[in-house]
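Since the structure is predicted, the reported quantities are computational estimates derived from the model, not experimental observations.
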Amino acid sequence: MDKEILYLNNNLVNSLLAQHNGGLVSIVSSEDSSSKKMTKGNEVGGGISTRVGVDASAGLGKILSHFDASVNGELTAKEDGHINRSNELSEGQKDIINKTFHDYSLTILLEDQAKSLKTDVDSAQIGEIVKVKTLSALFDFELLSEFLTASNNNGLSESGDAEDAIKRFKLINKIDYKKAESIFEYYRLKVPLPTSLQTYYNAHQALINEYQKLYDELTVERRAIRNIHILHKYLDNICLLKIDGALCLMEKNYLYESSRIIDFRINDQKKINVFGRVVNVTNENYGQIEENFSSMPLRMMERLLKMIKLIEPGTKIIETIALYY
């Protein structure tokens with residue numbers, strides 16, 4: 001059955017093929033920057049081969065024949081009488097050839113790694129390759145940030161429901177909200193209340209506790225919104241795929257469709273194949289700031305991801321190779 005590929009990191013695919021099986025998938029092109037055309041008279045990359053002799057060029061024969069090209073490991077110019085003519089491939093034709101090489105290389109890699117693949121996230125260790133079919137949820141913080149900004153610019157509050165709940169509470173109940181919020185701050189910092197605030201709290205305990213629930217909800221929502229904007233800046237050109245037990249990293253330039261389209265398709269709709277390499281595992285200390293300043297951006301990102309419950313201790317971090325149905 002044909003694969004419907006949504007994401008393919010062809011650099012990782014080529015690297016793994018070259019290291020593990022003595023094979024290499026490559027497209028080497030000579031391009032005229034002014035015309036954006038690739039000449040078949042120049043070198044345009046070889047075949048796809050592995051130690052067991054798999055040759056992808058045969059699978060390209062039908063496509064390349066339309067371009068007047070031979071499929072014996074390189075594309076060559078056609079000789080027309082006594083005149084050597086350099087046939088040219090358009091950008092669209094070139095894209096077809098490149099995509100065919102890349103898609104077929106995934107098939108080769110999956111076959112090559114079949115015996116060593118981990119088929120569940122829990123047993124996979126750092127450096128091992130895993131392939132699972134699972135439900136997933138896509139997180140593109142650039143889209144989230146743009147949506148929240150657009151809503152705010154059009155007069156829509158991102159935390160409107162929580163704000164309205166507090167407004168209703170204040171209209172109905174009469175307490176000193178400044179004193180109440182001071183009490184919340186003392187409790188947050190684990191500092192004993194001054195006598196005046198303790199006395200006020202004792203007299204209005206039920207109302208202050210009810211107000212604190214609403215206040216905390218609004219604070220959490222505002223913090224989450226702020227964190228989304230920060231994650232958008234840090235995770236530039238990266239979107240995240242949450243699956244059971246793991247968080248998968250995907251570079252947007254390897255997506256076959258825009259994240260806006262993919263977001264509609266994969267969020268908990270049906271199981272999708274995730275093929276990737278485990279690069280890290282979070283521990284109990286993830287998100288803690290260290291003295292080593294070089295690790296500070298990563299630790300801050302971990303802390304933000306922890307706040308929005310995308311990672312927890314033991315979560316596997318996976319560098320995605322491919323995503324497909």
Side-chain angles (χ1 to χ4, degrees), residues 137 139-236 240 242 245 247 280-315 317:
F139 293 86
D140 184 342
F141 292 101
E142 180 183 8
L143 290 183
L144 288 169
S145 180
E146 288 178 358
F147 176 78
L148 294 173
T149 299
S151 298
N152 188 58
N153 291 341
N154 285 279
L156 301 175
S157 173
E158 303 93 339
S159 51
D161 291 342
E163 290 175 357
D164 288 345
I166 283 184
K167 289 177 182 177
R168 285 193 294 269
F169 184 86
K170 288 183 175 181
L171 289 172
I172 296 171
N173 302 284
K174 302 298 181 184
I175 61 173
D176 189 329
Y177 295 101
K178 287 187 177 181
K179 284 186 177 180
E181 290 170 15
S182 294
I183 291 170
F184 303 159
E185 191 67 8
Y186 273 94
Y187 280 136
R188 187 183 71 83
L189 297 173
K190 299 180 181 180
V191 177
L193 289 174
T195 302
S196 60
L197 288 181
Q198 185 66 61
T199 301
Y200 188 80
Y201 176 73
N202 293 340
H204 305 87
Q205 184 172 349
L207 280 176
I208 291 175
N209 287 344
E210 186 177 352
Y211 177 56
Q212 184 172 12
K213 291 179 182 178
L214 299 174
Y215 182 86
D216 288 346
E217 181 180 342
L218 178 60
T219 301
V220 168
E221 285 193 14
R222 285 176 171 169
R223 183 183 296 122
I225 291 164
R226 185 173 64 250
N227 291 345
I228 286 171
H229 292 303
I230 295 172
L231 285 167
H232 159 46
K233 296 295 184 183
Y234 185 81
L235 296 173
D236 184 39
L240 306 177
K242 182 71 176 104
L247 188 65
N280 204 353
V281 182
T282 58
N283 56 34
E284 294 291 343
N285 299 319
Y286 72 103
Q288 292 187 5
I289 304 301
E290 303 172 350
E291 293 183 1
N292 182 4
F293 285 101
S294 65
S295 65
M296 184 175 292
L298 175 61
R299 298 295 168 246
M300 291 297 294
M301 184 191 69
E302 288 177 341
R303 179 177 292 187
L304 296 179
L305 293 174
K306 176 182 178 181
M307 288 179 180
I308 56 179
K309 299 181 180 180
L310 285 183
I311 58 174
E312 59 185 9
T315 298
I317 307 299

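With sequence neighbours excluded, no residue forms a side chain to side chain donor-acceptor pair (under 3.5 Å) with Asp176. For Asn202, the side chain to side chain donor-acceptor pair (under 3.5 Å) partners at least two apart in sequence or on another chain are Gln198. For the side-chain contact (heavy atoms from CB on, under 4.5 Å) test, residues two or more places apart in sequence or in another chain that qualify with Thr219 are Tyr215, Arg223. Here Glu181 pairs with Tyr211 under the side chain to side chain donor-acceptor pair (under 3.5 Å) rule; sequence neighbours left out. Leu240 meets the side-chain contact (heavy atoms from CB on, under 4.5 Å) test with Phe139, Phe141, Leu235, Ile238, Leu247, Leu249, Leu305, Leu310; sequence neighbours excluded.
Here the CD1 atom belonging to Ile208 is positioned 11.5 Å from the CG atom belonging to Asn173, to the nearest 0.5 angstrom. Here the CD atom belonging to Glu210 is positioned 13.5 Å from the NE2 atom belonging to His204, to the nearest 0.5 angstrom. Note that the NZ atom of Lys242 and the CD1 atom of Ile311 stand 9.0 Å from one another [nearest 0.5 Å].
Sorted by first and then second residue, the side chain to side chain donor-acceptor pair (under 3.5 Å) pairs with a member in residues 186-197 read Glu185-Arg188; sequence neighbours excluded.
The two atoms that bring Ile175 and Ala180 nearest to each other are CD1-CB, 4.4 Å, heavy atoms only. Nearest heavy-atom pair across Ser182 and Leu197 is CB-CD1, 4.2 Å. Considering every non-hydrogen atom in both Leu207 and Phe169, the closest pair reads O-CZ, 3.5 Å.
Remark: side-chain polar atoms of Thr282 are paired, donor with acceptor, to backbone N or O of Thr315 under 3.5 angstrom.
For Lys167, the NZ atom sits in a loose shell: 12 or fewer heavy atoms of surrounding residues, nucleotides or ligands are nearer than 6.0 Å.
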> Going through the checks in order, is the side chain to side chain contact (heavy atoms under 4.5 Å, CB included) test met by Leu193 and Tyr200?
Replying inline: CA-CA 10 Å; Leu193 289 174; Tyr200 188 80; over 6 Å; no

